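For reference, the structure is listed below as structure tokens.
Only a predicted model underlies this, so the values are computations on that prediction, with no experimental measurement involved.
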Amino acid sequence: MSRTVTYTALVLRCRPSGESNNEVTLLTAEEGLIKATVFGGPKSKLRAHSAPYNSGQIWIYRDKSKEYGKLSDFDVRSWRPGLRELYERTMTAACIAESILSSHGGGGDWGTALELAIDTLDTLENANEELCAFLLVHFLWRWAGFLGIQPNLGCCVNCAEAVKDGVVWFNIRESAAFCTDCTKELSDNRSESKETGLILLNPGCRRWLSAAGGIEPAQLHRYSMDRKSFNEAKSLVTAILSQAFGKKPIICEWQ
């Protein structure tokens with residue numbers, strides 16, 4: 001029986017291991033997150049191929065007696081050099097990778113998880129600074145949907161009334177949306193709303209999130225959002241994923 005296994009994979013992280021080797025963490029369509037050792041010095045071709053955010057077909061040699069996987073070959077299909085040409089792209093890619101790692105690859109549907117990540121990184125490679133910020137929030141919102149923790153923002157969880165044009169308040173502790181009437185005593189007091197764990201979401205923010213859930217990253221540039229709505233959306237995805245990860249996800253300060 002062959003000890004070499006083939007995967008379709010994306011490199012999420014690369015760290016030094018020993019004096020001249022690297023350890024890579026990969027998201028694969030077949031087994032989710034796996035780790036492998038890349039042997040060789042700085043001039044190793046395989047070491048260059050296994051840089052973060054490269055994707056393609058990989059071959060892992062497994063030695064069960066030593067409990068490790070060795071990256072034996074990597075047919076890179078997408079290098080994505082543009083991610084390293086702009087600071088905002090690099091930071092956004094790092095946030096995406098960290099979110100995937102923090103949620104253990106998203107569960108069992110690894111093929112879909114890999115597709116979500118690759119689609120966003122492909123668009124990110126040529127994105128400008130503003131689009132980088134939108135792509136990150138877009139990915140995190142879709143990732144929340146993929147994890148099954150994306151809240152329904154169109155209906156108040158307390159009175160069950162549909163909220164069309166008005167604002168809603170997202171309760172961080174309950175991970176649910178409430179209409180203004182159900183949070184009337186808090187809606188006019190911003191400082192109090194922060195203390196009680198509420199995030200205000202205006203109609204523009206909710207419309208963008210509703211549309212974003214069903215569009216591909218490559219089409220995101222067609223959907224505009226004002227800065228206020230963007231900040232609300234960013235606060236929302238941060239709160240949702242903080243509860244899921246048990247820690248605050250990395251959201252770039254340049255946003």
Side-chain angles (χ1 to χ4, degrees), residues 10-14 25 27 33 51-55 78 80-106 112-151 153 170 172 175 199 201-202 204-255:
L10 166 70
V11 182
L12 295 178
R13 177 186 290 165
C14 182
T25 304
L27 174 62
L33 295 180
Y53 319 126
N54 289 352
S55 61
S78 297
R80 302 186 180 89
L83 296 180
R84 303 168 184 86
E85 295 174 356
L86 188 69
Y87 172 76
E88 289 77 11
R89 295 175 192 164
T90 302
M91 292 301 298
T92 300
C95 292
I96 291 171
E98 185 61 31
S99 298
I100 296 171
L101 291 168
S102 296
S103 51
H104 307 288
T112 300
L114 183 61
E115 183 180 351
L116 284 171
I118 285 178
D119 286 348
T120 300
L121 292 175
D122 284 344
T123 304
L124 181 64
E125 186 180 7
N126 297 303
N128 58 27
E129 180 179 342
E130 181 181 16
L131 184 56
C132 286
F134 278 72
L135 279 168
L136 178 56
V137 172
H138 177 256
F139 173 80
L140 294 178
W141 180 245
R142 295 182 77 198
W143 191 249
F146 174 69
L147 296 176
I149 58 174
Q150 190 181 96
L153 302 179
F170 181 77
I172 297 174
S175 295
I199 300 174
L201 304 173
N202 69 57
C205 172
R206 291 190 293 112
R207 282 194 295 268
W208 188 89
L209 289 172
S210 177
I215 62 174
E216 297 300 317
Q219 304 300 319
L220 190 61
H221 66 279
R222 299 181 179 180
Y223 294 80
S224 61
M225 180 168 54
D226 61 84
R227 195 69 190 179
K228 180 176 181 294
S229 297
F230 171 79
N231 288 332
E232 292 173 1
K234 184 176 71 170
S235 296
L236 176 66
V237 296
T238 301
I240 294 171
L241 295 179
S242 292
Q243 288 191 326
F245 298 164
K247 63 179 181 179
K248 188 174 181 179
I250 301 173
I251 297 290
C252 302
E253 293 299 327
W254 44 264
Q255 295 181 8

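Here Thr123 contributes atom OG1 and Leu131 contributes atom CG; the two are 7.5 Å apart, rounded to the nearest 0.5 Å. To the nearest 0.5 angstrom, Leu101 atom CG is 5.0 Å from Leu12 atom CG. For the atom pair Ile199 CD1 and Asn231 CG, the distance stands at 11.5 Å (nearest 0.5 Å). Rounded to the nearest 0.5 angstrom, Thr238 OG1 and Phe245 CZ are separated by 10.0 Å. Rounding to the nearest 0.5 angstrom, the gap separating the CZ atom in Arg207 from the CG atom in Asn202 is 8.0 Å. Ser224 OG to Phe230 CZ: the interatomic distance, rounded to the nearest 0.5 Å, is 13.5 Å.
Closest approach of Leu33 to Gly105, counting heavy atoms only: CD1-N, 3.6 Å. Contact between Trp141 and Leu209 at its shortest, heavy atoms only, is NE1-O, 3.0 Å. The minimum heavy-atom distance between Leu136 and Ile96, with the atom names listed, is CD1-CG1, 4.0 Å. The shortest heavy-atom contact between Val11 and Ala51 is CB-O, 3.5 Å. The two residues Val137 and Ala233 come nearest to each other via the heavy atoms CG1-CB, 4.0 Å. Here the closest heavy-atom approach between residue Leu86 and residue Ala127 is recorded as CD2-O, 3.8 Å.
Between Trp208 and Leu220 the shortest side-chain heavy-atom distance falls below 4.5 Å. Residues Phe170 and Pro151 are in side-chain contact: their nearest non-hydrogen atoms beyond the backbone lie under 4.5 Å apart. A heavy-atom distance below 4.5 Å is found between the side chains of Leu236 and Leu201.
Looking only at distances, no side-chain donor or acceptor of Gln150 sits under 3.5 Å from a matching main-chain atom of Ala144. No donor-acceptor pair closer than 3.5 Å links the side chain of Glu129 to the backbone N or O of Glu88. Arg89 contributes no side-chain N or O that, together with a main-chain N or O of Cys132, makes up a donor-acceptor pair within less than 3.5 Å. Looking only at distances, a side-chain donor or acceptor of Arg84 sits under 3.5 Å from a matching main-chain atom of Arg80. Ser78 contributes no side-chain N or O that, together with a main-chain N or O of Asn54, makes up a donor-acceptor pair within less than 3.5 Å. A donor-acceptor contact shorter than 3.5 Å links the side chain of His138 to the backbone of Ile215. With Ser99 contributing its side chain and Cys95 its backbone, the two residues share a donor-acceptor pair below 3.5 Å.
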Open item on the list: Assess the residue pair Ile149 and Leu241 against the criterion (side-chain contact (heavy atoms from CB on, under 4.5 Å)); give the C-alpha distance rounded to whole Å, side-chain angles, the decisive distance to 0.1 Å, and a yes or no.
Closed with: CA-CA 8 Å; Ile149 58 174; Leu241 295 179; 3.8 Å; yes

Open item on the list: Between Glu125 and Glu85, is the side-chain contact (heavy atoms from CB on, under 4.5 Å) condition met? List the steps.
Closed with: CA-CA 9 Å; Glu125 186 180 7; Glu85 295 174 356; over 6 Å; no

TODO: Please assess Ile240 against Ser175 for the test side-chain contact (heavy atoms from CB on, under 4.5 Å), listing each intermediate value before the final yes or no.
DONE: CA-CA 7 Å; Ile240 294 171; Ser175 295; over 6 Å; no

Open item on the list: Quick one, Arg142 with Glu216, criterion side-chain contact (heavy atoms from CB on, under 4.5 Å). Give me CA distance, side-chain angles, the key distance, then yes/no.
Closed with: CA-CA 10 Å; Arg142 295 182 77 198; Glu216 297 300 317; 3.7 Å; yes

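The aromatic rings of Phe139 and Trp143 lie parallel to each other, their planes meeting at an angle below 30°, with 60° marking the opposite boundary.
Under a 4.0 Å N-O distance rule, the pair Arg206/Glu232 does not qualify as a salt bridge.
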